[in-house]
There are 2 protein chains.
Amino acid sequence: MDAPDLPINQVLEGDCIDVLQRLPAESIDLIFADPPYNLQLRRELWRPNLTLVDGVDDAWDQFGSFADYDAFTTAWLSACRRVLKRSGTLWVIGSYHNIYRVGARLQDLGFWILNDVVWIKSNPTPNFRGVRFTNAHETLVWAQKERGATYTFNHHAMRALNEDKQMRSDWMLPICTGRERLRVNGQKAHTTQKPEALLYRVLLASSNPGDVVLDPFFGTGTTGVVARRLNRRWIGIERDPKYAALARERIAASPPPGSAPGVYASHNPRRETRLPFGALLENNLLQPGDPLYFGEQSAICARVQADGSLEYNGQRGSIHKIARSLHPGPCNGWQLWFYEDAGSRERRPIDLLRQQLRDLLKSSDEGEK
Amino acid sequence: MDAPDLPINQVLEGDCIDVLQRLPAESIDLIFADPPYNLQLRRELWRPNLTLVDGVDDAWDQFGSFADYDAFTTAWLSACRRVLKRSGTLWVIGSYHNIYRVGARLQDLGFWILNDVVWIKSNPTPNFRGVRFTNAHETLVWAQKERGATYTFNHHAMRALNEDKQMRSDWMLPICTGRERLRVNGQKAHTTQKPEALLYRVLLASSNPGDVVLDPFFGTGTTGVVARRLNRRWIGIERDPKYAALARERIAASPPPGSAPGVYASHNPRRETRLPFGALLENNLLQPGDPLYFGEQSAICARVQADGSLEYNGQRGSIHKIARSLHPGPCNGWQLWFYEDAGSRERRPIDLLRQQLRDLLKSSDEGEK
DNA sequence: ACAAAACGTGAATCAAAAC
DNA sequence: GGTTTTGATTCACGTTTTG
């Protein structure tokens, strides 16, 4: 299933555009990219207390013009797109300096944006001069390889992570400081290290255990650390041998995934084994000829047929089909049809019977073991 | 000082590209633009409660391709740039559908981005299908006509509006609903009416009383209403005579300058720290698979899942939910579940970890000051 | 009259498995 | 791979209706 020559769980040294070209096509499930931001700082910045701000002035962040930056962007995005599976998705993080260039190029190349997400920093650097708004966020673009392909989004994992409400496109997370910040001789090892919490959410949302996650601008390896922790496989590409070495060291020292296999998989009702409506008859939860009501109150009453179809007003078909004929739009028959409980004479959705049957089958499964 | 033939406080009917060309060059202090977003909706969308979502399907939002949209964008941005004073600035609002196109074109034309700002919606439309993140924000780009020119930024006004702290680039404001939403025969008059609070902040930040504020996509005139209220002069351009008429009517009926602006000051509920259990995982204080014990002595042991839920005895749910299943009455999972301390092997309530994380976030907050 | 519950709605690129 | 069938999925507010 995997390409045989995929260099799993390794840091590859070199320019990502070159290295990507040597990887097999359509082999990667997820890409997270934190490219140079092209910051274009013009002068030193001093705080009001007369200390110097240690800004990003690395050589790797210098580009001559928008055109240069665009060419660079198109090159690495194309290379990424080639190695991505059809079902794969790509995340890019950036700020206003570069994200509009990146977003537009990415659309031009055929990527299809699924969301943009804003990382709201709980503790941003203030604007020392008071001449603009405090730059308190960065933007992440999440895109699929091509419009309409299926992709991974672990909706229920995101809900669980957000106290049982849908995860929104605004993520409030602190910047990477304190013990998490990698240091060498007391100096920060990399100027733009991202917090692990950010990668945790990205990987949990858009990949599954065992998936291959690639980071073309690996830096000091945050993506690798989190991938390992979440039981994903990873590939890092990094041009600077010093960063690559630091990343290897850091990942080796980071916590390995636990041994319990179940904990990493996200619950997904769409992947549960399907029970045809007829199974309720086969298992004696309904009888041929039983009435089903369309809603809790309504007088509309259909009859269950022996083969698991419904009959209403001369029509015959599945619970979904008959429901659709009674109501516009997409219909889930399991929730729309009600049976009458024998004891209480109350109407209950047939979805309840399905749940009972699922529990029944599950417990008999476990009894076999 | 003003160009003599500036049509002040008027709604000009026509395509903004044409109309702008008839205005004098370098005569405008501030532009706020809310262009079509180029949404590309494919089919009907139904809510889970079987009602139909009334999406944006207006003719003015239809473009054939990215190339068409880019040409349109370049045309109106160029026309705007011509009428802008050297000291002038431009705001554009958009979503991921269009904002990367707009941002890149704007940079190409020589505008210099000062900030981008995210409007975080306190009450966004949810994602009914559960297939993406809730689209909970829109993006505003704030740019000056050319790099290095002086521009207006009312730092102290922004501070005052934000409880004496620097105004950040994330603005949490409700969408336009209720009495503020303009209606005709009970139907919303315009599909994309913006809240006045948003314009209030924009105009207060980047213009001065008496300045001329232009809006090339005037719609139902929110920019005019707020400009009038803040004692700025305004020019609106609107293609649709129906919207133009509504705008004139609305502005005439709106409060004149001098009324108390208290209603526009917005409270920011985000500041109240909310820590979901999953944050302990995101911040590396717990790992997927870790055991949690129900009480200090008990043998009941649940497993932490990667998504921040607990698994016990086949059930899966939040720390509170699983606790409730083990104990009658209301349960505070934070105090009932215990982890085992790595060093001492002693059990400690997970509330301790929450406290640690709170302290951590707090100290990094204070470090900023 | 008042409180509680029900209802309506917003810039939305909104399905996926089985056959 | 295109077509058919099954069936998963929502949050914060403001307004209206019900009790």
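Note on naming: letters A, B, ... go to the chains in the order of the sequence lines (proteins, then strands), and numbering restarts at 1 for each one.
Within 4.0 Å of Asn135(B), counting heavy atoms only, lie sugar-phosphate atoms of the nucleic acid but no base atom. Residue contacts for Asp351(A): at a heavy-atom cut-off of 4.0 Å it reaches no nucleic acid atom on any strand shown. Counting any heavy atom pair closer than 4.0 Å across all strands shown, His156(A) reaches sugar-phosphate atoms only and no base atom. Ser318(A) comes within contact range of the sugar-phosphate backbone alone, with a heavy-atom separation under 4.0 Å but no base atom that close. Note on Lys321(A): nothing from the nucleic acid sits closer than 4.0 angstrom, heavy atoms only. Looking at heavy-atom distances under 4.0 Å, Cys331(A) makes contact with a base. Across all strands, Leu114(A) comes closer than 4.0 Å to no nucleic acid atom at all (heavy-atom distances). Base engagement by Pro35(B) is indicated by at least one non-hydrogen atom pair under 4.0 Å involving a base atom. Base contact: Gly55(B) has a heavy atom under 4.0 Å from a base atom. Backbone-only engagement by Arg270(A) is indicated by non-hydrogen atom pairs under 4.0 Å involving sugar-phosphate atoms exclusively. Counting non-hydrogen atoms under 4.0 angstrom, Arg354(A) reaches the backbone sugars and phosphates but no base. Thr192(B) comes within 4.0 angstrom of a base, heavy atoms only. Counting non-hydrogen atoms under 4.0 angstrom, Arg181(B) reaches the backbone sugars and phosphates but no base. No contact: Pro276(A) has no heavy atom under 4.0 Å from any strand.
Out of dT10(D), dA18(C), dT15(D), the shortest distance to the side chain of His155(A) is found at dT10(D). For Arg274(A), whose side chain is taken as the heavy atoms from C-beta onward, the closest listed nucleotide among dA17(C), dC13(D), dA11(C) is dA17(C). For Leu45(B), the listed nucleotide lying nearest its side chain is dC14(C); candidates were dC11(D), dT9(C), dC14(C).
Arg47(B) has no side-chain polar atom (N or O) that falls below the 4.0 Å cut-off from OP1 or OP2 of dG8(C). Taking only side-chain nitrogens and oxygens, Asn332(A) comes nearer than 4.0 Å to OP1 or OP2 of dA8(D). Residue His320(A) places at least one side-chain N or O closer than 4.0 Å to OP1 or OP2 of dG7(D). One finds a side-chain N or O of Lys165(A) lying less than 4.0 angstrom from the OP1 or OP2 phosphate oxygen of dA12(D). When the side-chain nitrogen and oxygen atoms of Arg132(B) are compared with OP1 and OP2 of dA15(C), none of them lie within a distance under 4.0 Å.
Judged purely by atom type and a 3.5 angstrom limit, Asn185(B) has no side-chain atom pairing as donor or acceptor with the backbone of Gln187(B). Side-chain N or O atoms of Gln193(B) include one that pairs as donor or acceptor with a backbone N or O of Glu180(B) at under 3.5 Å.
Using the Watson-Crick or G-U wobble rule with both distances under 3.5 Å, dA16(C) pairs with dT5(D). Using the Watson-Crick or G-U wobble rule with both distances under 3.5 Å, dA12(D) pairs with dT9(C). Pair assignment for dG19(D) gives dC2(C), based on Watson-Crick or G-U wobble hydrogen-bonding distances that are each under 3.5 Å.
In this structure, the separation between CD1 on Ile120(A) and OG on Ser169(B) is 6.5 Å, given to the nearest 0.5 Å. A distance of 9.5 Å separates CZ in Arg81(A) from CD in Glu26(A), rounded to the nearest 0.5 Å. Put simply, CG on Asp170(B) and NE2 on His137(A) are 8.0 Å apart, with the number rounded to the nearest 0.5 Å.
Counting atom types as modelled, Lys194(B) pairs a side-chain N or O with a base atom of dA11(C) as donor and acceptor under 3.5 Å.
Heavy-atom nearest nucleotides on DNA chain C were determined for Gln187(B) and for Val53(B), and the one closer to the 5' end corresponds to Gln187(B). When the nearest nucleotides of DNA chain C are assigned to Asp54(B) and Phe111(A) by heavy-atom distance, the more 5′-ward of the two goes with Asp54(B).
By the 30° and 60° cut-offs, the orientation of the rings of Phe153(A) relative to Phe133(B) is perpendicular. Ring geometry for His267(A) versus His156(A): interplanar angle over 60°, hence perpendicular rather than tilted (30 to 60°).
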